[in-house]
Every structure is written in structure tokens, then in C-alpha cells.
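Reviewing the structure listed below.
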Amino acid sequence: MADISYDDEHRTWLIRLASTAYGLGLSGDGRVVRHLHWGPPCQPDDLAVLAAAGPAAHGTSRIGWGEEEPAEYVPWGGPRFDEPTLKADFADGTRGIEWRVTGHDIARDQTGATLTLDLADLAYPLRARLHYRAFDDSDVLERWASIRHAGGGGPIVLRQAHSANWWLPRRERWRLRYLTGGWASETRPAQAVLGPGKFTLESRRGVTSHHLQPYVALDDGTATEHSGEVWSALLAWSGSFRLVAETTPGGSVHVSGGWNEFDAPLELAPGDELSLPVFAGCYSGAGLGGLSRSWHAYELRHVLGDPARAGGSPSFPATSVPPGARAARLAGDGLPALRPVLYNSWEATGFDVTEEGQAELARLAAGLGVELFVVDDGWFAGRRDDHAGLGDWTPDPVKFPRGLGPLIDRVHELGMGFGLWIEPEMVNPDSDLYRAHPDWVLHFDRRSRSERRNQLVLNLARDDVAEWVHAVVDRLLSEHRIDFIKWDMNRHFSEPGWPDQAGRNPERVWTGYVRNLYAILDRLRAAHPDVAFEACEGGGGRIDLAMLARSEQAWISDNTDAWDRILIQEGFSQAYPAQAMMCWVTDSPNPLTGRRLPLRYRFHVAMSGALGLGGDLTRWSEAELTEARDLVARYKEIRPVVQHGHQHRLASTQDGPLGAVQYLSADGGRAVVFAWTGVRRFRPWPSRLRLAGLDPAARYRDEDSGEERSGASLMRLGLPLPDELDYASVLVRLRRTGISGQITASG
Ligand code: DGJ
């Protein structure tokens, strides 16, 4: 149960999360909200001791040098030289902030407790409100700020407005883990040792990006997958972002993060209020595995789909789906409904989409037990290849002479839901839309309009363009029985101009774009609560908490080579849950890498997330179709454990040619283990795989072999691994049968 309390005597606030705590206090002069604690549970008395010790308790060097008072929200102004969270210019030429704390409020709702702290500039009408939201069932603390021009005087220009600043406790050394990649190689785990200075992760691309996730996890160099203390933060923003981990001259470390201020000053007129994205933090004392289980639990309960929460930060929808409709999106236990097994035609047909071709694929997919059939790119007017058509969102009259209706009906008759791909933020110059509205794209009047994949970006920050995008998708959803939308976006911003706003802060395009995107999605989801959404940006280029709050799942990479994918999935799992991770089984050899892998292996990799199929089923043999049918049925049986269970990463392909992951149902009664091998060289195989998280005293039955072992034995001695050479895989299903008697060495 989350609880927030204020100690009036010592002027401290203690935020008790499910099993951890966060503490802050007011400086003696009432001007700084000082960070005191983030980590294991603590008591108000502990905070009083830390508060009494002053900033030195945090390990700061002499404040006289103007350094690193651990301010929760660091203003630029006065003698401090570290990364600010807020930098403002006033109309009279003053640059810099001086403020004091003017109030605070603690409130409770059905899901947890919130704390707000009010700050006011001493001389100017600049106000900041710091928000903290704790959930009863989570160790994730959501933080963000809202900034207000309280009226009077000219505009205030914000040169930097980060969401929050996380201070870490004093340690000898800090290691920072993050997720990096590129197209077809997203979310690969990486790490760096922090030295003096700054370590920056950012996107200047207008989207979250394939290159870097807005995610950090820090430890003192000793934490492992299974043990040790880890501090982590995730930004809920789908545009350009910047996270800065700074080691100050005094050796303190803090991480400031928010949307990227590069090229993006924001002007506040009197009365304007600006809410910033959530920058959530999570501490775990149980290693990286414990940390990601905390993130997953939070995301399943409070992020994925339609988080039921009041508005505030732009990160999460303020207009949530009506309660009745929201219930339909949930499984009985309050978690998001299980994701259906999906088929997507992209790798099978490319742009060669026709009514007959899709109907044939749908027939084959239904025969395998697929539950949702998705038509990808290529269905709309003029879309022969990627040179034309984006913007003209009506069915191609040659490919679909009768419109989409008959195919949709056919798919429904086959017992499947119908899904459609769309990329509504984009336009090909070769389209009726662009011919009619060449000024609708991001551009500078006298500069080139750089195309990527032969397309330009519509300026969604313009309300008329955003209205049009909304209307296009709304019409598609209103006129057709569509159950699922794959929302794609296949290029990043360049020439981010908005010529008709010259002199009127056109740089707000960076944030205005994302805000309007959220508004479009929120309206669509509220009006069409039965439609599920998949977040996609040329694979995993726009995955973050804010997109997940508007989606049921994400397409995490265009790389469907199962061996490559194991690492992409492992990285994704550091921050996000298996339920959101759409994984397709595609053809062999893989169209992207040329690698040949057994069908079972490809399934076993994809079955560790939300299963989809993406191969050309017309070319699969009878034997392959039969095997696929059995594996889809097997997936449906383990699906609740995979999609809602607790994940334990058992072996990483970063360390050698073995990857393995285990899911444990919330009641501990069922476990599902996947192990996959790559190509072995020289080293002998680890012959056994040790499981995690089981009850040592309970007995577990292998549902295939019938063999029973104790939890202690499965965790200490492990499961035997296959002897087969190269690209072998196993799926083991265990069910708890009772409490074990004597635990023997052999189990
Ligand atoms: C990029 C996506 O990631 C692919 O899955 C596919 O939808 C293509 N776009 C279609 O253009």
C-alpha cells in the first residue's frame, strides 16, 4: 500500500512504495526541495537524520563552491553548474531562476497516493509544480513537473524543461546500463562505467528512436541479473528526448531527463501551463531481473492499453476509454486481456496485396489457429511500392475492386479478427494528398525537403493536419469492422520547419507534434474502444511508456531472424513486458539475414512473447503447417503464463551461445521455460539450466515427461539441456504438484 506522509517538525516527506521508499525534505531557508533517500524501506526518523545532516549526507562537497545541492528539481540560476532541470529567460532580459517552496499537497485515489510540491520564482510569474505518484502495488514512482506562467509581464522562454531529476546514493563507482541499436537491431543491452562528467542518451529525431531507448539502469558494478541494488528510470515520451547522467565534481551522481531542448525553446504566454512527460523511477534490491519484473508489473497494471488515471502529464491519456469499454480490454484479474495469436502478411506479400491473395493467406492462417489477421502495407490507392500512395487512404481500386468489406467479412467468417496497417503521419510526394497540400509537411521554405523511403513527414503540430489524420483513421474505423490497427511511421524528422509560424515559436513543432499525436490516438481509442493498437516505427523506433499507454502491443523489430531476435527480445524485456512484445514466426531462410532455422526453433523464440506468424503460408509444406498448428495450440495453453507471468532471464546470448527465459505464473503454480542455442565454438555446453523463483520446498511436474522434481533441485541442479548441435531449442512446462518431502541431492 503506497503511503505519503509529511513530518512537520523536520519538514520531510516520505513516500512509501510497495516495498521501497523515497524521501525528500525542505532546506532550512525553504528554497530547495532536497533529495534525501531512494532505496530500501525507511522510516520518518531515518529521513530526519538525513535532513539534519544537510546536503553533506548526500556526499556533496562544500556547498560554498556552488555545487550539487541535491535539489529535486534543479533550476539554472545562482552558483550551480550541474545539469539543470529548468532554464528560463524572462522578458526583461533576466536569465536564471530563484525560487522558494510555497505549498504541498498529499492526496489518495483508488490506485495509490500523490504528492505535489509548489515552487514560485521570487521575482517573476514563473511557477513549477512537482508531481510524485506512487501506486499501491508497485515500486515505480512516477515523477513529472508542470510549469506555469502565472500572468503579468511578457512571455517566459523555457530553454530547458526536463521532467525530473533522480539523485543516486553515494557509491564508489557507477555502471550505467542502457539499450541501443538501429533499424533491425533494436534494444541491444549496452553498458558504460560513469566517470566524471556527463553521459548523455538522446534522440533528436522527433521520435523515441531505434538508436537509444529512454531507459537507464544504474548499479555500483556488483549487481547481477539475480542480485544487488539497481536504480532505474524510464521516460514516457515519444519524441526527441535527453537523459543526462552526471557525475559532479563532488562525486554525486544524478540523472536528469525529459524532452530534448535541442532546437526547441518553448515560449509561455501569460496564463500558459505546460505539463511535462512522466520520468518514472524504480529501485530494486533484487538485481536486474527484479528490476525488470517491477517495471513489467507496473506496465501491466498501470500503463499498457488504457491506464485508468486522471490526466496530468501528457504521457498518459487524460481521456481514458469509458469504464465499461475499458473492462472489455482487461482480463478478469485487472491485467490487460491476453493478446490474440496474429498473422501479418508483410513478409509474405510485400506490397503485392490483393483480395484473393489475402483471403488465401487468411484461410491458411485460420487453419493454424490464428485469431487476428492483419493486412499490412500495400492495400491503399496507388501503393505499388514505397514510392507512392502514402496519404491516400482509400482501398486501391485495382487490388480491392469491391473495397475492403468482402475481405473483412471473409476474415470474420473464418473466426478471426481483422487488422489493418496504416502510416497516417506520412505522405509520399507522389500522392493526391501532397499534390493538394504541399505545405502540410515539415519543411523550411528555402531548403530541400529530404525524403527518406520516398516520404515526408506531415506536420502533426498543425491542428488542421492533426484533425485530418484523426478523421482519416476515424472514418476507416467507422466504415469497416476493423479490430486492430498497426500504426506505423517509417522515417524521422528532418528540416523540422513550420514556415507560417515564423516569429511565433515554430520550434514548438517538436513537442506539439507528439502532443497532437497523443491527442489523435486518445480520441480514436475512446471512440473505438474495441479496436486494439500496435505501436510500430519501422520496427521498434517508437516504443516507450507513452506509446504503450496507447497501444496493446508493439512491433519491436523488422528483424525476424529468431537467433538475432533473442537478443533484441532480451533487451526489450529489461524495460517492457512480454505481453507487449509482438514476435512473428517467419520463413526460412530468413528474408533479411538468409539464416536457416528449424520451424520449432522459430516458434520457440516467438512464443516467449506475444505470438504472431508472418511467413508465406502458401509455401509451407503440409508437415510444416501441421507442426505450426500444434505449436500455436501449445502457445495458447501457456499464453497466460507468458503474457502475465513473472519473467526470469536465465541465460543471455550476450554471454555465450545460450539464451533462456522462464515465466512463472503469479500464483507460482506454473512455470514455462524456453532455452535456445546458437552456434557453439570450442567451449563445452553448459549442460544444465538452473531455474529461478520456484518454491524450493514444492514439487513440480514436467507436463511432457511427467517427471517430478523439487523446486530446490530445479534451481540448484537445473534442467538438462539438449545435446543437439547448433540452433536447438526447448520448451519445458512445469506444474507445481505439492510440497516436497525430504529434498535430496538428485531432487
Ligand atoms: C515497417 C514495419 O516495421 C513493417 O513491419 C512493415 O509494416 C513495413 N513498415 C511496411 O511498409
Worksheet item: With no hydrogens and no angle check, do the side chains of Thr248 and Asp82 hold a donor and an acceptor under 3.5 Å apart?
Response: no
Note to self: Whether the Glu229 and Tyr283 side chains hold a donor-acceptor pair (N or O, under 3.5 Å, no angle test) is what I'd like checked.
What the structure shows: yes
**Request:** May I have the step-by-step check of ring-ring contact (aromatic ring centres under 6.0 Å, His included) for Tyr518 and Phe316, ending in yes or no?
**Result:** CA-CA 9 Å; Tyr518 291 165; Phe316 300 114; 9.2 Å; no
Taking every heavy atom of Thr12 against every heavy atom of Tyr6, the minimum-distance pair comes out as O-CD1, 3.2 Å
Heavy atoms of Pro314 and Trp237 approach each other most closely as CG-CZ3, 4.4 Å
Paired with Glu83, the side-chain hydrogen bond (donor to acceptor under 3.5 Å, both in side chains) test is passed by just one of Gln160, His254, His162, namely Gln160
Of all heavy-atom pairs linking Gly251 and Arg170, the shortest is C-NH1, 3.1 Å
Worksheet item: Aromatic rings His492 and His210: how do their planes relate, parallel, tilted or perpendicular, breaks at 30° and 60°?
Response: tilted
Nearest heavy-atom contact between Phe262 and Arg204 is CE1-NH1, 3.2 Å
Check: Do other residues, nucleotides or ligands put more than 12 heavy atoms under 6.0 Å from Arg108 CZ?
Finding: yes
Lys/Arg cation over aromatic Trp166: Arg143, 6.0 Å, 45° cone: yes
message: Whether the Asp544 and Tyr215 side chains hold a donor-acceptor pair (N or O, under 3.5 Å, no angle test) is what I'd like checked.
response: no
When rounded to the nearest 0.5 Å, the distance separating CD of Glu186 from CG of Leu212 is 12.0 Å
By ring pair (Phe, Tyr, Trp, His ring centres under 6.0 Å), His149 pairs with (sequence neighbours left out) none
Looking only at heavy atoms, the pair that brings Thr187 and Leu179 closest together is O-CD2, 4.0 Å
Salt bridge (charged side-chain N to carboxylate O under 4.0 Å, His left out) filter on Arg129, not counting sequence neighbours, yields Asp118
With Glu261 as partner, the option from Arg159, Arg242, Arg508 fulfilling salt bridge (Lys or Arg N to Asp or Glu O under 4.0 Å) is Arg242
Shortest non-hydrogen pair, Ala264 vs Asn260, comes out as CB-O, 3.7 Å
